[in-house]
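Beneath this line is the structure, given in structure tokens, with notes to follow.
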Amino acid sequence: MEKKKLVLVGNGMAGVRCIEEILKMKAEAFDITIFGSEPHPNYNRILLSTVLQGDTSIQDITLNDRAWYEKNNITLYTGETVTSIDSDRKSVHTDLGREVEYDQLILATGSEPFMLPVPGADKEGVTAFRDIKDCETMIDAAQNYKKAIVIGGGLLGLEAARGLINLGMQVDVVHLGSQLMDRQLDGTAAALLKKELEQQGMNFLMEKQTTEIIGNKRAEGVRFSDGSVANADLVVMAVGIRPNVQLARNSGIAVNRGILVNDYLETEIPDIYAVGECAEHREMVYGLVAPLYAQGKILAERITETGSSKYEGSVISTQLKVSGVDVFSAGHFMDDEHTKSVKIYDEVEGVYKKIVFRDNRVIGAVMFGEIQDGPRLFKMILEKQDVSGIPKIAVLAAPVEEAAESAVASMPENEVVCGCNGVTKGAICDAIVNQGLTSLDEVRDCTNASRSCGGCKPVVSELLEYTLGDDFKYIEQKESICSCTSLSREEVLEEIKIKNLKFVKEVMHVLDWREKEGCSKCRPALNYYLGMMNPQHEDEAASKFVNERMHANIQKDGTYSVVPRMYGGVTTAEDLRKIANVAEAYNVPMIKLTGGQRIDLLGIKKEDLPNVWAELDMPSGYAYGKTLRTVKTCVGEQFCRFGTQDSTSLGIELEKKFERLNTPHKVKMSVSACPRNCAESGIKDFGIVGVDGGFELYVGGNGGTHLRAGDLLCTVQTKEEVVTMAAAFMQYYRETAHYLERTSKWIERMGLEHVREVLFDEEGRSQLVGRIEEALSYTKEPWKEIINNKETKEKLFESLSV
Ligand SMILES: Cc1cc2nc3c(=O)[nH]c(=O)nc-3n(C[C@H](O)[C@H](O)[C@H](O)COP(=O)(O)OP(=O)(O)OC[C@H]3O[C@@H](n4cnc5c(N)ncnc54)[C@H](O)[C@@H]3O)c2cc1C
Ligand SMILES: NC(=O)c1ccc[n+]([C@@H]2O[C@H](COP(=O)([O-])OP(=O)(O)OC[C@H]3O[C@@H](n4cnc5c(N)ncnc54)[C@H](O)[C@@H]3O)[C@@H](O)[C@H]2O)c1
Ligand code: SF4
Ligand code: FES
């Protein structure tokens, strides 16, 4: 049978998913050609937010690489735009002059970001947030500029703002209305969201109408209708999207807001279909992947003639991808004269839940702070469950779980776990059992669950654990350390041990790295793992980040900062004099006290660094390193009338002991001499609080972006026990954490109980202490080494460009 010529215009998420469905149903029946204006193969647009937020890289978000197109005999034209359709001759024409005939044509042209038509919108430094190019523009801007304005307080704007903050920018979010995410939240949830995001460092300019982008060639700020102005070096417009219908309209296809389609996704012109954000179905245009994928499946059935399902519209649910903020909304969540609702509002804990009922059926929900009931409520909304006879407040409370069982055990088989891809618990568990799946990646490849926003990963992971039992522990960690290899951290460490590998390049070569030179993710990680496994390993400068290579923190203007060690935050008149002399001699523009009780000399030229350090003649404070940064101490019993312990001498002892030791990420400690906790021991990686007769030890605390209170590890009686426990804790973290994993994340992954079991076992603890003592015996003071070694000094500070 002759193959039909199938052409897809738009190489994005909806169109390519539809092609995947077609290939599953009748691969042999079609000759497929795909056109995409962007220069990339199909990628996960959703994860651009996570790329910007620093949780993944652009290389990692490809959904279908070029090999996939080749394997499926698909002709792919990227960087090429279809400019017209001749529906009489059944062909499409492109901007590069190509003409391709079709038997069936799918339009999946997506949307375009709406750019406010205000003067100055075309200036440099003004961008949308829609594609890889925009994402790169923002990442680049963050390296050179400080202040950003995001216009639009919807899902996209808030995710962009969070990303820019993570990139070190100061961000104002400009919003037209009085309430954030006005299309997804009610007033109470929106107010809680605003408060939470303000605590994360976002500044909001509410009820502001932008009238102009000011500046010369590049944007310098935004002017509002009330005459006020806000400064910015980067302006991101996230004020909604418009279906991309130009091609359809110019080709005579009926268009309203989107391309008009019926329940089979057919346009008015025979053999031309539309799917995704560009399609308008029953007056609805969707901007989330779940409905678009549902449309794609139905269209695939239609095109392959394997079914006759109709698309009848979708109820949607949304979640914001900003870490530390849990918001969920679904269905019809605003009150009106036909609805009644149940609300729980715990202002103390910042938790809000609301369910909306009409005629005794659940029709919508909004939640803030606690959203684990989201999938259950969403199922009730989709099924329009009748809740007559049930106290309505009971709908908010999930069925009581068996204490010993995991939450997923009580979940019904038909509950949707992955909302984006419509995959149920039953489908995932069947695939795990019947296909022998053992990892998140395998579940994703087999069922599509977790393939889009990734929000369902924790539940999919729990399902794996629940289905596989003990076998899961090993498997869970089988994520590769970066895209240069398929080997996990554990596998790489095992190979290093078995094959006695010594150098970063050797590891990459012997273990057959895909990228021969590695990448910025794996090179420093391998350098760390090699050092952790073999304390005599010499740090490989080329595999370290610039700050660690230069033993100083590079600043935005290319100068460096110098932070001398000041054990326990205690200094002397002599050291202060040296610092003052150096500051004067080198015209240091700013001297600043740090949050860790140190003195920071900012604005030092690269070539002056060796002399500054030589004249200071103080140890490096390692303010740049993945190592122990500082041990903060309170005044303690010597002077403070509340002090029950000598916090300063203990802090100094700890800092002297553990300084310079390489760790997976930076480590901060602190010692407070009484429960008033002036040294903030609850938000440190290892925090000590003096109590009557001993010390409480807190672990896994973090005061940075991912705020986390430390867990109480144990209470000990003596200073010696504190030091031993700190040593064992540090070594266990060094040996088991992924590179760049803070103790706050590590402790959650390992589990506090597990860490306790390891550290409370006397023999295991003493072995850990033995190993850390050995590692400590090889540490060296970097600046002494540099100053005394002419060759290193010249290489680093005179010739090497960074
Ligand atoms: C930063 C960000 C975060 C998001 N987060 C989420 C989320 O968490 N959850 C969620 O469900 N959704 C999210 N979305 C929305 C989701 O990404 C979109 O709904 C989805 O990508 C739309 O798919 P599509 O194929 O219809 O359109 P697109 O992905 O836009 O693809 C259309 C493609 O067609 C190309 N094209 C257009 N015209 C032509 C032509 N004439 N010739 C050739 N090529 C053409 C375009 O260049 C584009 O590559 C997010 C979007 C962004 C930007
Ligand atoms: N987590 C997610 O599900 C997610 C994340 C990002 C994007 N998306 C999708 O991407 C698409 C685009 O997102 P979006 O947030 O741009 O669209 P949106 O329409 O949801 O939000 C735009 C927001 O901008 C505000 N706005 C409009 N004009 C303004 C102006 N002149 N000044 C200030 N504010 C103004 C609106 O009030 C609205 O809240 C949507 O379809 C969205 O669903 C989803
Ligand atoms: S923590 Fe206690 S001992 Fe230390 S300074 Fe504060 S009040 Fe004084
Ligand atoms: S819920 Fe988005 S990928 Fe599963």
Side-chain angles (χ1 to χ4, degrees), residues 8-18 34-40 42-52 77-85 92 94-95 107-113 128-132 134-135 155-156 159-160 163 238 241 243-248 274-279 286-293 295-296 316-321 375 416-423 444 448-457 459-460 633-645 647-648 671-681 689-690:
L8 168 69
V9 182
N11 187 29
M13 296 184 76
V16 177
R17 172 58 72 86
C18 177
I34 302 183
F35 289 97
S37 301
E38 293 184 67
H40 315 280
N42 179 34
Y43 64 90
N44 190 340
R45 199 174 296 288
I46 296 178
L47 293 190
L48 288 177
S49 298
T50 23
V51 170
L52 196 68
Y77 297 110
T78 52
E80 189 161 346
T81 300
V82 172
T83 47
S84 67
I85 302 164
V92 298
T94 75
D95 58 348
L107 301 180
T109 48
S111 299
E112 283 183 335
F129 183 21
R130 179 72 193 175
D131 55 25
I132 287 184
D134 299 332
C135 199
L155 287 160
L156 187 65
E159 289 180 10
I241 50 176
N244 194 345
V245 295
Q246 206 57 29
L247 171 67
V275 70
E277 282 188 350
C278 65
Y286 297 93
L288 295 170
V289 289
L292 312 185
Y293 286 168
Q295 292 175 354
I316 54 168
S317 71
T318 41
Q319 253 174 278
L320 180 70
K321 301 191 295 296
V416 172
V417 169
C418 175
C420 291
N421 295 284
V423 192
R444 181 199 59 208
N448 275 331
S450 81
R451 196 173 169 214
S452 307
C453 72
C456 57
K457 265 190 192 170
V459 185
V460 178
T633 63
C634 78
V635 175
E637 67 174 9
Q638 209 186 340
F639 291 100
C640 178
R641 60 204 169 94
F642 298 111
T644 54
Q645 306 290 353
S647 48
T648 41
V671 192
S672 300
C674 87
R676 284 175 181 75
N677 206 350
C678 296
E680 298 161 342
S681 301
V689 178

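Both ligands and their constituent atoms are indexed starting at 1 by order of listing.
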With heavy-atom distances below 4.0 Å as the criterion, list the atoms of ligand 1 near Gly276.
26 (O)
Nearest to atom 38 (N) of ligand 1, what protein heavy atom do you find, and at what distance?
Thr109 CG2, 3.4 Å
What protein heavy atom is closest to atom 36 (N) of ligand 1, reported as residue, atom name and distance in Å?
Ser37 OG, 3.7 Å
Which segment of Ser450 sits under 4.0 Å of ligand 4 when only heavy atoms are counted
backbone
Answer yes or no: is there an ion pair linking Arg45 with Glu159, defined by an N-O contact shorter than 4.0 Å?
no
What protein heavy atom sits nearest atom 10 (C) of ligand 1, and how far off is it?
Leu288 CD2, 3.5 Å
When you look for heavy atoms under 4.0 Å from ligand 1, do you find them on the side chain of Phe129, its backbone, both, or neither?
both
Atoms of ligand 1 close to Val9 [distance to a heavy atom under 4.0 angstrom, numbered from 1]:
40 (C), 41 (N), 42 (N), 43 (C)
Can you name the atoms of ligand 4, numbered from 1 with element, that are less than 4.0 Å from a heavy atom of Cys453?
1 (S), 2 (Fe), 3 (S)
Sub-3.5 Å N/O-N/O distance, Met13 and ligand 1:
yes
Does Val416 reach the side chain of Val423, with side-chain heavy atoms less than 4.5 Å apart?
no
Working to the nearest 0.5 Å, report the span between CG of Leu288 and OG of Ser452.
11.0 Å
Provide, to 0.1 Å, the distance between atom 19 (O) of ligand 1 and the closest protein heavy atom, together with that atom's residue and name.
Glu277 OE2, 2.5 Å
Polar proximity ligand 1 side, Glu159 side, N/O cut 3.5 Å exclusive:
no
Can you give me the closest heavy-atom contact between Leu107 and Ala248, atom names plus distance?
CD1-CB, 4.1 Å
Quick one: does any side-chain atom of Ser647 pair with a main-chain N or O of Cys634 as donor and acceptor, under 3.5 Å?
yes
Short side-chain donor-acceptor distance under 3.5 Å, Tyr43 and Glu38
yes
Measure from the side-chain N and O atoms of Ser672 to the backbone N and O of Ala679, and report whether any donor-acceptor pair falls under 3.5 Å.
yes
Less than 4.5 Å apart, side chain to side chain, heavy atoms only: is that true for Glu80 and Asp95?
yes
Any idea which heavy atoms bring Cys420 and Cys453 closest together, and the distance?
SG-SG, 3.6 Å
Could you tell me whether the side chains of Asn244 and Thr109 share a donor-acceptor contact shorter than 3.5 Å?
no
Among all protein heavy atoms, pick out the one at the shortest distance from atom 50 (C) of ligand 1; state its residue, atom name and that distance to 0.1 Å.
Ile46 CA, 4.1 Å
Write down the atom of Pro243, the atom of Cys278, and the distance for their closest heavy-atom approach.
CB-CA, 4.0 Å
With a 4.0 Å cut-off on heavy atoms, does Glu80 reach ligand 1?
yes
Heavy atoms only: which of Ala290, Gly10, Gly455 lies closest to atom 35 (C) of ligand 1?
Gly10
Counting non-hydrogen protein atoms only, what is the nearest one to atom 42 (N) of ligand 1? Give residue, atom name and distance.
Val82 N, 3.0 Å
Donor + acceptor pair across side chains of Thr648, Thr633 (<3.5 Å):
no
Identify the closest protein heavy atom to atom 1 (S) of ligand 4: which residue and atom is it, and at what distance?
Gly419 N, 3.4 Å
Taking a cutoff of less than 4.0 Å between a non-hydrogen atom of the residue and any ligand atom, is Gly454 in contact with ligand 4?
yes
All heavy atoms of Cys674 vs all of Phe642, minimum pair found to be CB-O, 3.6 Å
The one among Gln246, Lys321, Arg130, Glu38 that brings a heavy atom closest to atom 49 (O) of ligand 1:
Glu38
Backbone, side chain, both or neither: what part of Thr644 comes under 4.0 angstrom of ligand 3, heavy atoms only?
neither
Does Gln295 use its side chain to pair, donor to acceptor, with the backbone of Gly276 at less than 3.5 Å?
yes
Any heavy atom of Cys420 sitting closer than 4.0 Å to ligand 1?
no
Taking 2.8 Å as the distance threshold, tell me the number of protein N/O/S atoms next to atom 8 (Fe) of ligand 3.
1
Closer than 4.0 Å to some heavy atom of Thr81 - which atoms of ligand 1 meet that?
40 (C), 41 (N), 42 (N), 43 (C)
Provide the number and element of each atom of ligand 4 under 4.0 Å from a heavy atom of Ser452.
3 (S)
Rounded to the nearest 0.5 angstrom, the CG-NZ distance for Leu155 and Lys321 is 7.5 Å
Side-chain contact, heavy-atom cut-off 4.5 Å: Arg130 with Ser111?
yes
Would you kindly say whether Asn421 and Arg17 are connected by a side-chain donor-acceptor distance under 3.5 Å?
yes
Identify, for atom 1 (C) of ligand 1, the protein heavy atom at the shortest distance, and state residue, atom and that distance.
Leu156 CD1, 3.3 Å
Check against side chain to side chain contact (heavy atoms under 4.5 Å, CB included), Met13 and Asn42
CA-CA 7 Å; Met13 296 184 76; Asn42 179 34; 4.3 Å; yes
Test item: Asp131 side-chain N/O and Asp134 main-chain N/O as donor-acceptor pair under 3.5 Å
yes
The atoms of ligand 1 lying under 4.0 Å from a heavy atom of Gly287, numbered in the order shown, are 15 (C), 19 (O)
Proximity to ligand 1 by part of Asn244, non-hydrogen separation under 4.0 Å:
side chain
Using the side chain to side chain contact (heavy atoms under 4.5 Å, CB included) rule, take Phe35 and Asn11 through it: C-alpha gap first, then chi angles, then the decisive distance, then the call.
CA-CA 6 Å; Phe35 289 97; Asn11 187 29; over 6 Å; no
The protein heavy atom nearest to atom 25 (O) of ligand 1 is Ala14 N, 2.8 Å
Taking 4.0 angstrom as the limit and counting only heavy atoms of Gly36, give me the atoms of ligand 1 inside it, by number and element.
43 (C), 44 (N)
Which part of Leu292 is near ligand 1, with near meaning a heavy atom under 4.0 Å away: side chain, backbone, both or neither?
side chain
